[in-house]
There are 2 protein chains.
Amino acid sequence: MIRRLPQARSRGIPEATVARLPLYLRALTALTERGVTTVSSEDLAEAAGVNSAKLRKDLSHLGSYGTRGVGYDVEYLIYQISRELGLTQDWAVAIVGVGNLGRALANYGGFVSRGFRVAALFDSDPGVVGDHIAGLNVEHIDELETVIKRRGVSIVVIATPADAAQQVCDRVIAAGVTSILNFAPVVLSVPDGVDVRKVDLSIELQILAFHEQRKANREGGGPAMAEDWQQGASA
Amino acid sequence: MIRRLPQARSRGIPEATVARLPLYLRALTALTERGVTTVSSEDLAEAAGVNSAKLRKDLSHLGSYGTRGVGYDVEYLIYQISRELGLTQDWAVAIVGVGNLGRALANYGGFVSRGFRVAALFDSDPGVVGDHIAGLNVEHIDELETVIKRRGVSIVVIATPADAAQQVCDRVIAAGVTSILNFAPVVLSVPDGVDVRKVDLSIELQILAFHEQRKANREGGGPAMAEDWQQGASA
DNA sequence: CCTTGTGAAGCGATTCACAGCG
DNA sequence: CGCTGTGAATCGCTTCACAAGG
C-alpha cells in the first residue's frame, strides 16, 4: 500500500526506527519542559512506551549520542533527532478538501509545532472557497498547481471524499509533490519515488473490533453470535 | 505503545493480517458495487494495494474460501471477513472531546458504514455541552461512566487535548471499556487486557518529512541545510 | 490449464545478554 | 559500578515456488 522508496534505508535507518523517532522526540520535549536535562534509556523508553533495548538500538542508528554510565543529554538528543527527521527546516503543507476533517487538520496545533506550516487550503465547493479557516483563505482546486509551485508546498494532505482522491493525487504529483498523507479511504496509485502514507479511521476501529470480539468470546459468551465459532472452516 | 493482547494470535491470525483485512473488505465492497461476483487473488491484491502471495496467505488464515482455478466469491468473502473482524455485530462507540477533530469524527461517514454507531459524545466545556452534533446531544464528561454503561459503549475514541487524555482513559477503563482509539499525542498507560490504538497526525507528517528530506538531498542540494550531511556523527 | 493454498527460504525487526567505556 | 552500544539469537512477516485440486 505504501510504495517503498528506492533508498528508504540510504544511510541505514530502518523504517521501523524512523516511525518511532517522532515518539522519542515527543517524550524528550515533555522531559525538557519539566526541566530534565539528562535521561537514561530506561526512563526515556518508559516515557515513549517502548522497551529500552529497542530504544538504544534505534538511537544507535543515528550515532553514539549517549554517555555510558550516565544517559543521554535531552537537548542534544532533541536536536539530533529533529535534524534526522528533517524538522530543522520548514515544510509547507497544503490540505486539499476542507470538509470536517480538513478543517480539523487546518486547526490542529500539532502540525505547526514541528516545522510544519499549513500554507494552503483547497476545495472544489464554491460555497467553501473564500472562507477563512485557521487564518488562511480557502482556494479553488483550479489553483492547485499554481499555488503549490508558488508557495513551495512539498507535502500534501488529501482530505477529500474517496472518489476525488486519486484525481487530486495525480494532479499534485504532476505539480511536483512527492509526499502525500491520505485520509481518503482508497488505495492511491502513484509512480515510484512518491511516498504515500495513509490514515484510515475506520480501519483502526475495525482492528479494535476484532480484538474486542476476541475478548468477549473468551470471557464466555459475549454480546452475540457466539455460536458458529468452533465449527471449523467448512463452507 | 500498543500493549499486545495476551492472546492476540488466539485462533492464530497474525496481527499484520488483521490489519489488512479491513483493506480487503473495502476492495471487495467496491467490487460488489461494480457487479463483480468473483475475483482472483491477483486482481483483489491489486485493488487492495498488496501483493497476491500475501493476500492468499492472509486469507488462508481464515479458512479455505477460494476455488482453485477460479478465485474467490466476492459476497462470500465479504461475509467471512466481516464475521472475522466482528462487523456482523453492532458496536457502540463514544467520542470524548468535541473539538474540531471530535466533530469531524462524529460526522465521519466511514464509521457508521461498518457496524459502528456513534452512541455518545462528551466534552467538559459547558459552552459545547448541549450542542447537537451529527444528531447527538453532547453530554458533560461527568456523565461518562453512567452513559457508557447505559448505552453499552465498548469502544471509546479519545479526541481530547493531550493533558486530559490519561484521565479520560483511566475513567473509561474503570467503566469497563477495553478498546480505545487515541488521537491525543500522549502515550496512554493502561492495564493488561486493554487495547489501545493510536493515530497521531503529526507523527505521520514527520515520517514523510524524513523521506522528503532524503529525496531532496539525493537530487542534489534540496531546499536548505544540505551542508552538514556527509560529515559523520561526530558531535 | 488456471488459480489457490502452503511448506520453505529469506529478510527485517525485536530481544537478549554482555562487552566496552565513562 | 552503571548505562550505553552491539553482536548474536530469536521471532514474525514476507516472498518464493510449486504441489494440490477444481
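Chain identifiers are assigned alphabetically (A, B, ...) following the order of the sequence lines, protein sequences preceding nucleic acid strands; residue numbering begins at 1 within each chain.
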Donor-acceptor contacts, no H, no angles, side chain residues 155-169 of chain B, under 3.5 Å, sequence neighbours left out:
from	atom 1	to	atom 2	distance (Å)
B:Q166	OE1	B:S189	N	2.9
B:Q166	NE2	B:D170	OD1	2.8
B:Q166	NE2	B:S189	O	3.1

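Between B:I78 and B:V74 the shortest side-chain heavy-atom distance falls below 4.5 Å.
Without hydrogens or angle criteria, A:R26 side chain to B:P185 main chain gives a donor-acceptor distance under 3.5 Å. The backbone N or O of B:E84 sits less than 3.5 Å from a side-chain atom of A:Q213, completing a donor-acceptor pair.
For the OP1/OP2 pair of D:dT15 and a distance below 4.0 Å, the side-chain nitrogens and oxygens of B:N51 include at least one atom meeting the criterion. Between B:K54 and D:dT15 there is a side-chain polar atom (N or O) within less than 4.0 angstrom of OP1 or OP2.
In this view, B:A119 and B:A92, B:R117, B:V153 satisfy the side-chain contact (heavy atoms from CB on, under 4.5 Å) rule, not counting sequence neighbours. Contacts of A:Y108 classified as ring-ring contact (aromatic ring centres under 6.0 Å, His included), with partners at least two apart in sequence or in another chain: A:F111. Every side-chain hydrogen bond (donor to acceptor under 3.5 Å, both in side chains) that B:T32 has, sequence neighbours left out, goes to B:E75.
Between the side chains of A:Q206 and A:S202, at least one donor-acceptor pair of N or O atoms lies under 3.5 Å.
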**Request:** Between protein and nucleotides 1-8 of chain C, map the contacts as a letter string: B base, S sugar-phosphate only, - none, heavy atoms under 4.0 Å, written 5' to 3'.
**Result:** -BBBBBBB
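In the helix from C:dC1-D:dG22 to C:dG22-D:dC1, the rotation axis of the first five pairs and that of the last five pairs differ in direction by 0°, rounded to 10 degrees.
Between B:E15 atom CD and D:dG12 atom C1' there is a gap of 12 Å when expressed in whole angstrom units. One atom, CG of A:L55, and another, P of D:dT4, lie 8 Å apart when rounded to the nearest Å.
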